[in-house]
Amino acid sequence: MAELSDRPYPPGEYPVIVIGSGPGGLQTASRLRHHGIRHAVLSADEAPGGMFRRWPFFQRLLSWTKPYAPVERTDRAYERYDWNSLLGEQPASQTLMPDLMDGSSYFPSRPEMQQNLELFAERAGLAIRFGCRWTGTRREETPDGPRFVLETTDGEYRAEILIVAVGVAEPNRPPTPGIELAAHYAETRPAESYANKRIFIIGKQNSGFELASGLLPWARRIVVASPSPAKLSVNTRSLVGIRARYVQPFEDHVLGGGVAVLDAAIQSMTRLPDGSIEVRARPSAGGDELAFDVDEVIAATGFTAPLVDLADLGVATFGQARLPAQTPYWESASMPGIFFAGTITQGSGGLKKHGLPANSGAVHGARYNARVLVDHLARTRFGVVPDLPAIASNDLIETMVDELASAPELWHQRAYLARIVSLDPSRGPRNEGIMPLAAFLDHNADDGSADALALTVEADGSGAIYPVIYGRRAGEITEHVVEADPLLRYDTPSVRRQVAEVVTGFGVDVAQA
């Protein structure tokens, strides 16, 4: 009955507690509900949406949704073209984003994304205890095993499993002398308040260039600076670097139009008698220190994961963003029982083939991680027996080709998630579902793992995107790369022949397949 009230999930003990009501928390809660796993969802916010209730500042996302795509919206492959809808378990909660967009851009506005998440929570029937702030954590031993105790503004909660989906949303401020004179990205004022101002932006990632782009019509002069050169996503051929939507200030810089993009380390900031701010910076290439007299400084210096006291509990973190170190299944590498969902799962790096990370820092990647995580917990912790459909031998090649050509999990989470097909001779080929590629490759002959194939998609940084089939046989791993097609057509006779060769090598009778 508590789940039907305005304040569900009163303090107490639950098998699983999810912290957060952004995309990661909502996707996780939806999948837990699907499996019938009792849980509680707690959020400090007053409504669903997480960071999308506030940012991006200039109100337009970087992730697209294409209302009109090469496939119908009812087709699973449409998820490749809709980066913003969460994955509903029923038609009513699926593919929500395109119907909420006003047609002015295929990048949804921030309010449209907020509405998308609120509608998903409603349509998926999710109960969330809002206004409940997580304040502390401890671990206790009990006769039934260890339990995590969550201290909140509503009281104490206990759970065997915590799933932390709090995003990477706590402003990061570097220890630069005078940094208190700079407003953080999160504190940026309305654009018109910067009219005719000289603005210095610290940071050359997307947030810095978003601000520079939005302030171009207002600022008298803009300087964007950080020690390392700016990377552009169109050059890295990945989501690494400044996205194409924000490159206008860079073009303004190279054409001499009033924006300066500098490779320089900020040394100090000082308030001058006239109220302006002097910023001193040392060029990365060497030379004399530079001084800038500006009206405003904005620190677009990123965000960290707001993990409260988990580090004190023993959760290892790394990097400027203080991301938790994680296993392939997004469990804390140093504190078993604590898992992560949402953009924070970028802390599990995967293989990083050709140096390219997964898309776990964005909704279109993290939504699949959340599903795979809950499926893993359902199977390993709650005794939920998964439906592992057999694949008729004469359907095997076509099934594999269909996955390689269009499976959204593989195309969004390249070299990170994989479709597994087991090849146990006693059972025949069987669909084992989606799992992290790193977890598949870590299995060996000693753990009883059957011979199997892992289907994934990879990119090499040159612009080529192509399927790869990893094989596991008697504990040995082989890699089979499908020839790249510039038009990304992977359902052709050539691909079928290449897949058939792999299958034949694993003892499957291709004549029957």
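Only heavy atoms go into these numbers, but all of them, side chains included; no hydrogens, no water, no symmetry mates.
Judged by distance alone, the side chain of S360 and the main-chain N or O of G365 form no donor-acceptor pair under 3.5 Å. Looking only at distances, no side-chain donor or acceptor of H34 sits under 3.5 Å from a matching main-chain atom of L32. Checked by atom type and distance alone, the side chain of K204 never pairs as donor or acceptor with a backbone atom of A225 at under 3.5 Å. Looking at R158, its side chain never comes within 3.5 Å of a backbone N or O of P15 through a donor-acceptor pair. A distance-only check finds a donor-acceptor pair linking the side chain of S406 to the backbone of D402 [under 3.5 Å]. Put simply, the side chain of S238 never gets that close to the backbone of L356: no donor and acceptor are under 3.5 Å apart. Within the 3.5 Å criterion, the main-chain N or O of D395 finds a donor-acceptor partner in the side chain of T399. Judged purely by atom type and a 3.5 angstrom limit, E331 uses its side chain to pair as donor or acceptor with the backbone of G337. With T304 contributing its side chain and R322 its backbone, the two residues share no donor-acceptor pair below 3.5 Å. Between the side chain of S332 and the backbone N or O of I338, no donor-acceptor pair lies under 3.5 Å.
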Criterion side-chain contact (heavy atoms from CB on, under 4.5 Å) on T456 and I469, from CA distance to verdict: CA-CA 6 Å; T456 192; I469 302 172; over 6 Å; no
Test side-chain contact (heavy atoms from CB on, under 4.5 Å) applied to D460 and E458, step by step: CA-CA 7 Å; D460 64 6; E458 297 184 0; over 6 Å; no
Test log, rule side-chain contact (heavy atoms from CB on, under 4.5 Å), inputs L323 and T317: CA-CA 5 Å; L323 292 170; T317 62; over 6 Å; no
Trace of the side-chain contact (heavy atoms from CB on, under 4.5 Å) decision for Y246 with L62: CA-CA 9 Å; Y246 295 154; L62 281 174; 3.6 Å; yes
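Between the side chains of N172 and H184, not a single donor N or O lies within less than 3.5 Å of an accepting N or O. Side-chain atoms of S228 and S226 form no donor-acceptor pair, as typed in the model, at a separation below 3.5 Å. Side-chain polar atoms of Y14 and E160 form no donor-acceptor pair below 3.5 angstrom. R129 and Y157 share a donor-acceptor pair across their side chains, judged by distance under 3.5 Å alone. Using modelled atom types and a 3.5 Å distance limit, the side chains of Q27 and R367 yield no donor-acceptor pair. A donor-acceptor contact closer than 3.5 angstrom links the side chains of N369 and Q413.
Partners of Q90 by side-chain hydrogen bond (donor to acceptor under 3.5 Å, both in side chains), not counting sequence neighbours: none found. For R419, the side-chain hydrogen bond (donor to acceptor under 3.5 Å, both in side chains) partners two or more places apart in sequence, or in a different chain, are E403, N431. For R371, the salt bridge (charged side-chain N to carboxylate O under 4.0 Å, His left out) partners two or more places apart in sequence, or in a different chain, are E89. Evaluation of the ring pair (Phe, Tyr, Trp, His ring centres under 6.0 Å) rule for W83 yields W64, H364, H412 as partners, not counting sequence neighbours. With sequence neighbours excluded, the residues forming a side-chain hydrogen bond (donor to acceptor under 3.5 Å, both in side chains) with E210 are Y185, listed by chain and number. The side-chain hydrogen bond (donor to acceptor under 3.5 Å, both in side chains) search around R123 returns none, not counting sequence neighbours. Qualifying salt bridge (charged side-chain N to carboxylate O under 4.0 Å, His left out) partners for R243, counting only residues two or more places apart in sequence or in other chains: none. With sequence neighbours excluded, the residues that form a salt bridge (charged side-chain N to carboxylate O under 4.0 Å, His left out) with R73 are D99.
Between Y416 and W330, the ring planes lie tilted relative to each other; the angle falls in the 30° to 60° range.
Sequence neighbours left out, not one pair with a member in residues 122-154 passes ring-ring contact (aromatic ring centres under 6.0 Å, His included). Sorted by first and then second residue, the salt bridge (Lys or Arg N to Asp or Glu O under 4.0 Å) pairs with a member in residues 9-19 read E13-R147; sequence neighbours excluded. Residue pairs that meet the salt bridge (Lys or Arg N to Asp or Glu O under 4.0 Å) test with at least one member in residues 421-436, sequence neighbours left out, are R427-E432. Legend: side chain to side chain donor-acceptor pair (under 3.5 Å) pairs involving residues 377-388, not counting sequence neighbours, sorted by first then second residue: H376-R379.
Side-chain contact check for L126 versus S30: some heavy-atom pair is nearer than 4.5 Å. A 4.5 Å side-chain heavy-atom check between M97 and E112 finds at least one atom pair inside the cut-off. Looking at heavy atoms from C-beta onward, L26 lies in side-chain contact with I128 at the 4.5 angstrom threshold. Within the 4.5 Å cutoff, the side chain of V503 has heavy atoms near those of the M400 side chain. Here the side chains of L86 and L117 are in contact, with some heavy-atom distance below 4.5 Å. You'll find the side chain of D82 reaches within 4.5 Å of the side chain of P98, heavy atoms only. Side chains of P227 and S284 form a contact here, defined as non-hydrogen atoms less than 4.5 Å apart. With contacts defined as side-chain heavy-atom distances shorter than 4.5 Å, the pair I161/F382 qualifies.
Atom CD1 of I298 is separated from atom CD1 of I202 by 10.0 Å, given to the nearest 0.5 angstrom.
Counting non-hydrogen atoms of neighbouring residues, nucleotides and ligands closer than 6.0 angstrom, the CZ atom of R133 reaches no more than 12 such neighbours.
Here W55 and F303 bring their ring centres to under 6.0 angstrom of each other.
Using a 4.0 Å cut-off between charged side-chain N and carboxylate O, R138 and D309 make no salt bridge. Taking the charged nitrogens against the carboxylate oxygens, R139 and E141 do have a contact shorter than 4.0 Å, which makes a salt bridge. Between R472 and E479, none of the side-chain N atoms (NZ, or NE/NH1/NH2) sits under 4.0 Å from a carboxylate O, so this pair counts as no salt bridge.
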